[in-house]
Q: 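Provided herewith is a single structure, encoded as structure tokens, for subsequent inquiry.
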Amino acid sequence: MTDKISRRNLGTAALGAAVAVGVIGGVTGGQALVPSAEGDPPDYIPFRSGIHQSGITTPAQQNAVFASFDVTAKATPQSLRKMLSNWTTACDDMVHGSLITVHTPGTDSDSPNDTAEVIDQNPGNLTITIGYGSTLFTAAHGLASRKPARLIDIPAFTGEMIDSRISYGDIAIQACADDPQIAYHVIRNLTRLGTGVVTARWMQAGFGRTSSTSPAQATPRNLMGFKDGTRNIRSNETTALTDFVWADSTSKQDWMIGGSYLVTRKIEMRLVKWDSDGLDDQEATFGRHKVSGAAFAPKNATEFTTPDFNAVDSSGALVIPPTAHVRLVAFEQNNGLRILRRGYNFMDGVSEKGTLSGGLFFAAYMRDPQQFVDLQTKLVAHDDLNEYTYHIASAVFAVPRGLKSNQDWGSQLFG
Ligand code: HEM
């Protein structure tokens, strides 16, 4: 990191100097002037991370902000490409824990490049992951021939209450970090850099991961109090990642080979109803015990014991109920099918009824969105969890492969 300005080492005196030489003010047109002699900071995850973008198998950080943007009517393919190029530079800076070096077009010449609320903070294990919705791939945007073959729209399901104002979108950004302000800083600054070309469509903050993506992580809990992510795909499961997560040539776009598809669903929980339910009922909903996370069968199972879906009790009934969530979605019950979950808890204040509003922002990566459709079709028909949850937002995005050294998101997408 020789050409970047570390936020952390930018003490008050240095900040003044940086403004004076135009680094913060951007009067140099985005050129960083003060080289940093330090090495990469300790909690830094490389932005150019090889064939796959970071933020998918990266150990799930504790906080996330997801946002979706729509391209404006007055944007041109050229302005969109340029904006994606500017975003790339800014994301590379932010991931490094550096000040943004690109000046926001259309702002005063001494308007700071960076909104500055994360000065003094380390990178915070920030990852920024981009994805593209099906509506982006139009002739007007110059992208009609670039649509990935597997980018289908998620069909409507019975019982859901999808609100289009918080669903869909042309471009998605997933920003995950140890600190929520670091994640929000990304969305704020990309929105700013996108002025005139994109507008924010929806944004969702997540405050606690609900999955593990690395074998080193302990399993977190969702707002229902259950361990979530026990049998998720982990970063070291290379065969499962190839078979179920990484897109391949069947997407019919080179820029998708090594990419993935991201499905997001905002799932509201009926928390009052759930909290008044008995423990037996709660556990039967999942087919797992609440505190330990162990499956109902085999006997003496612990959290990571493989569930026994054939076990029956003395009356011949299945020990893991037919309507239990884990039976319905387990790969043993779905011809081996898996997905990589990377969701977050969310809280939304107080509902119109005066109850607490919150739930799971489900986010999952897969090599084909049909994997989600297959699982969700089964859940809608049989899952005991439906009594306590309902889906209020939906989106699917094609997530490109990692950038090559000579690429930015604009040149990668437009070719
Ligand atoms: C609010 C809604 C949901 C909650 C609270 C929830 C919770 C859970 C919990 C507690 C587990 C067991 C632990 C684990 O292996 O992670 C689990 C497993 C799983 N869930 Fe969900 N889930 C929800 C929605 C969904 C949806 C919409 C899908 C996909 C369509 C899904 C797919 C899975 C899968 C694939 C597993 C792993 C099953 C296995 O292999 O054992 N979940 N979920």
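Whatever order the structure lists them in is the order used to number ligands and atoms, beginning at 1.
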Q: Taking H103's backbone N and O only, do any of them form a donor-acceptor pair with T107's side chain (distance below 3.5 Å, no angle check)?
A: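 Side chain of T107 to backbone of H103: no pair is present.
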
Q: Using salt bridge (Lys or Arg N to Asp or Glu O under 4.0 Å) as the criterion, list what pairs up with R265, not counting sequence neighbours.
A: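 Only E160 meet the salt bridge (Lys or Arg N to Asp or Glu O under 4.0 Å) criterion with R265.
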
Q: Does F362 have K266 sitting over its ring (NZ/CZ under 6.0 Å from centre, angle to axis within 45°)?
A: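 Not satisfied by the 6.0 Å and 45° rule.
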
Q: List the closest protein heavy-atom neighbour of atom 5 (C) of ligand 1: residue, atom name, distance to the nearest 0.1 Å.
A: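 Going atom by atom, the protein heavy atom closest to atom 5 (C) of ligand 1 ends up being N222 ND2, 3.5 Å.
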
Q: Listing by chain and number, which protein N, O or S atoms are under 2.8 Å from atom 21 (Fe) of ligand 1?
A: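 Less than 2.8 Å away from atom 21 (Fe) of ligand 1 sit H325 NE2.
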
Q: Please list, chain by chain and in numerical order, all residues satisfying salt bridge (Lys or Arg N to Asp or Glu O under 4.0 Å) with K273, sequence neighbours excluded.
A: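 Here the qualifying residues are E387.
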
Q: Parallel, tilted or perpendicular for W274 and F286, by the 30°/60° rule?
A: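 Because their plane-to-plane angle is over 60°, the rings of W274 and F286 count as perpendicular.
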
Q: Would you check whether A330 reaches within less than 4.0 Å of ligand 1, judged by its heavy atoms?
A: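 Contact present.
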
Q: Is a side-chain donor-acceptor pair under 3.5 Å present for D277 with Y388?
A: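 There is such a pair (donor and acceptor under 3.5 Å, judged by atom type) between the side chains of Y388 and D277.
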
Q: To the nearest 0.1 Å, how far is atom 14 (C) of ligand 1 from its closest protein heavy atom, and which atom is that?
A: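 Looking at atom 14 (C) of ligand 1, the protein heavy atom closest to it is T230 N, 3.3 Å.
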
Q: To check your reading of the model: name the closest protein heavy atom to atom 16 (O) of ligand 1, its residue, and the distance in Å.
A: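 Protein heavy atom at minimum distance: G229 N, 2.6 Å.
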
Q: Among T101, N189, N113, which residue meets the side-chain hydrogen bond (donor to acceptor under 3.5 Å, both in side chains) test with D93?
A: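 The single option meeting the side-chain hydrogen bond (donor to acceptor under 3.5 Å, both in side chains) with D93 is T101.
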
Q: Where is the nearest protein heavy atom to atom 1 (C) of ligand 1: which residue, which atom, and how far?
A: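 The closest heavy atom on the protein side is I267 CG2, 3.6 Å.
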
Q: In the protein, what heavy atom is nearest to atom 41 (O) of ligand 1, and what distance, to one decimal place, separates them?
A: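 Scanning the protein heavy atoms, the shortest distance from atom 41 (O) of ligand 1 goes to R231 NE, 3.0 Å.
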
Q: I need the nearest protein heavy-atom contact for atom 13 (C) of ligand 1: residue, atom name and distance, please.
A: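 Looking at atom 13 (C) of ligand 1, the protein heavy atom closest to it is K227 O, 3.6 Å.
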
Q: Going by the rule salt bridge (Lys or Arg N to Asp or Glu O under 4.0 Å), which residues pair with R81 if we only count those two or more places apart in sequence or in a different chain?
A: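 Salt bridge (Lys or Arg N to Asp or Glu O under 4.0 Å) list for R81, sorted by chain: empty.
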
Q: Given F286, F372, Y388, F157, which has its nearest heavy atom closest to atom 7 (C) of ligand 1?
A: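 Selected option, by shortest heavy-atom distance: F286.
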
Q: What do you reckon, are the aromatic ring centroids of F47 and W87 less than 6.0 Å apart?
A: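 No, the ring centres sit 6.0 Å or more apart.
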
Q: Which ligand 1 atoms, with their elements, are less than 4.0 angstrom from a heavy-atom of T389?
A: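 Those atoms are 1 (C).
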
